[in-house]
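Contents: one structure, followed by commentary.
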Amino acid sequence: MARTVILGAGIAGHTAALHLRRMLGKEHEVVVVAPNSKWNWIPSNIWVGVGQMSVKQVTFPLAPIYKRKGIEFHQALGIEIHPEGSPTVKRPHVSVKYTDPARAGQVANLEYDFLINATGPKLNFGATPGLGPDGHTWSVCTAGHAVETAKAFEDVVAKLKAGQHQTLLIGMGHGTCTCQGAAFEYTFNVEHELVKEGVRDNADVIYITNENQLGDFGMDGMNFGHKDQIIPSQTFTESLFHERGVKAILSAHIEKVEPGVAFYEQVDGTKNSQAFDFAMLLPPFRGVDMKAFDANDNDITAEVFAPSGFMKVDADYTAKPYEEWKASDWPKTYQSVKYDNVWAAGIAFAPPHQMSRPRTSPNGTVIAPAPPRTGMPSGVIGRAVAQSIAERIKHGAQGRVHTASMADMGAACIASAGKGWRTGQAAAMTVFPIIPDKEKYGELGRDTKETYGEIGLSAHWMKVMLHYLFIYKAKARPFWYLIPE
Amino acid sequence: MSVLETFPDAPVPTEKELKARKNVLLQFVRFVALNLKMVAMINKAHH
Ligand SMILES: Cc1cc2nc3c(=O)[nH]c(=O)nc-3n(C[C@H](O)[C@H](O)[C@H](O)COP(=O)(O)OP(=O)(O)OC[C@H]3O[C@@H](n4cnc5c(N)ncnc54)[C@H](O)[C@@H]3O)c2cc1C
């Protein structure tokens, strides 16, 4: 009998849990620990944030699914990892703190044979004073945040209808943010709604970003193959900004936010401020606050986790100049550097380096978009880790180790630019591989047949289809496993 | 105060392109093509 504990029930953790349960007999235990009682299809939070979907449409309770599938569920936060056991509990275990109202605050130790850390990001609003729903800006990172944001957006529309001019500032709340795609989507969904409401003329929509140019998306841009042409994602994105009249502030690090004003520095060292009536600014991400201890209870957090709080896995973390980073530096198995029965899946693993060129202002301020880790790779990694564990349980050390390097896999990003069956629009962007590989694909680093961008109604339908498809899959309905990650 | 960037030199879609982006029949064809593209990309990933 083997017991696998999975920390996190997001795209990576939930995918891993369902696959593992499907691949293993009932004698083996699969245990999920997550602080929220509900699963959230995060990409559709964008539509919640403009009042086009309800929280109920993007979330569902996890407990009934896990009960049906025979997965043990603890509504709790993982707080400590003890991979060698401890003086009091000899076997490897994690310490968890319950968030379940019935046991709130209680701490327990859950023993494991295999552990998957799929805890995603900590939304680090604290990095910028005044950032976030507890400060002066809104967020769409969780369904709860998005619904509050929708209310504030509704107020903006009401003011515009009353004839008041409004400035809407959307983007990145810090120089090291990632997830530009989500801010891009929210920008164009807001713009679309303003047009629909007939109030666009009286509003300024401004996108503020740490990207050096539009279309960077934290990955130094892409080159889309289109017939016989190569279209840089910069041209593709600037075209949309031009067409829809959205202005931009580029290469910016927001230093602080006060009510109605964001203060920022740009890469040339100039400092400025931007007034707003409504701001949706994403926080930078870091790893969640978990600690690790050895058998004698010595703190080994720095050996298991990178300074960013993400878990160190089989990547090459050697510090080297940007030009020397390689596709092969990226992890393949996601196994912890220190323990071979511990893995990190999804956003929880520490990336070896930035994909977008990091820049520093003359004042020493780092303006460096972090690498994006979107839903598709998170799910694929979750499944690969589950497969490796199932192999280990069935065949011991001889079991096949599954790999899912982002340098060997593509990703699709369907960035919504407005909702509506006939009026909707989205930008469908695909890249292959995610991590550019100049050795394999030449100077552009990617296969330009598979790296592709297109704007249209069809991409919007695709986004809607993915919403229903992934919720169906996450609910583990019949044949869910036939839907790819 | 901010210096806001606009992108006056960026190409804008022609009237014809804008219509094509909303044409239900054409977009249905694109929808099928996009799905096939995704499936091909997923199959190409080697684990
Ligand atoms: C607004 C927004 C829109 C996005 N849109 C897209 C999109 O269109 N397409 C796309 O591909 N990607 C999109 N993304 C990115 C995508 O959501 C992430 O790539 C994906 O959610 C990462 O999966 P994950 O499992 O690593 O993390 P998450 O999905 O964040 O899951 C982390 C899980 O860990 C849990 N957890 C946290 N701390 C602990 C702890 N201490 N112990 C136990 N559990 C813990 C959380 O509650 C959660 O269940 C978007 C992101 C945002 C914020």
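A note on names: the letters A, B, ... follow the listed sequences, proteins ahead of strands, and every chain is numbered from 1.
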Any chance you could measure A/Glu238, atom CD, to B/Phe7, atom CZ, to the nearest 0.5 Å?
-> 5.0 Å
Would you mind checking which part of A/Val431 comes under 4.5 Å of any heavy atom in chain B, side chain (CB onward), backbone (N, CA, C, O), both or neither?
-> backbone
Flag side-chain contact, heavy atom, 4.5 Å: A/Thr423 against B/Lys22 = no
B/Glu5: which of A/Leu250, A/Ile249, A/Ile206, A/Leu214 passes side-chain contact (heavy atoms from CB on, under 4.5 Å) | A/Leu250
How about A/Met462 and B/Met38: do any of their side-chain heavy atoms sit closer than 4.5 Å?
-> yes
How about B/Arg30 and A/Leu457: do any of their side-chain heavy atoms sit closer than 4.5 Å?
-> no
Which atoms of A/Asp204 come close to chain B, meaning under 4.5 Å heavy atom to heavy atom: side chain ones, backbone ones, both, or neither?
-> neither
Rounded to the nearest 0.5 Å, how far apart are CG of B/Leu34 and OH of A/Tyr452?
-> 6.5 Å
Would you mind checking which part of A/Ile208 comes under 4.5 Å of any heavy atom in chain B, side chain (CB onward), backbone (N, CA, C, O), both or neither?
-> neither
Taking the side chain as C-beta and beyond, is there a heavy-atom pair between A/Ile455 and B/Arg21 under 4.5 Å?
-> yes
Is the closest side-chain heavy-atom distance between B/Asn35 and A/Met465 below 4.5 Å?
-> yes
Honestly, the part of B/Asn23 sitting under 4.5 Å from a heavy atom of chain A is neither
Considering only heavy atoms, which portion of A/Gln266 lies under 4.5 Å from any heavy atom of chain B: side chain, backbone, both, or neither?
-> neither
Contact part of A/Lys332 toward chain B, heavy-atom cut-off under 4.5 Å: side chain, backbone, both or neither?
-> neither
So B/Leu18 and A/Glu243, side chain to side chain contact (heavy atoms under 4.5 Å, CB included) or not? Walk me through it.
-> CA-CA 10 Å; B/Leu18 284 176; A/Glu243 179 201 334; 3.4 Å; yes
Measure across B/Met41 and A/Ala412 and return the closest heavy-atom pair with its distance rounded to 0.1 Å.
-> CE-N, 3.9 Å
Measure the CG-CD distance between B/Leu4 and A/Gln274 for me, rounded to the nearest 0.5 Å.
-> 5.5 Å
A/Gln234 portion near chain B, given a 4.5 angstrom heavy-atom threshold | neither
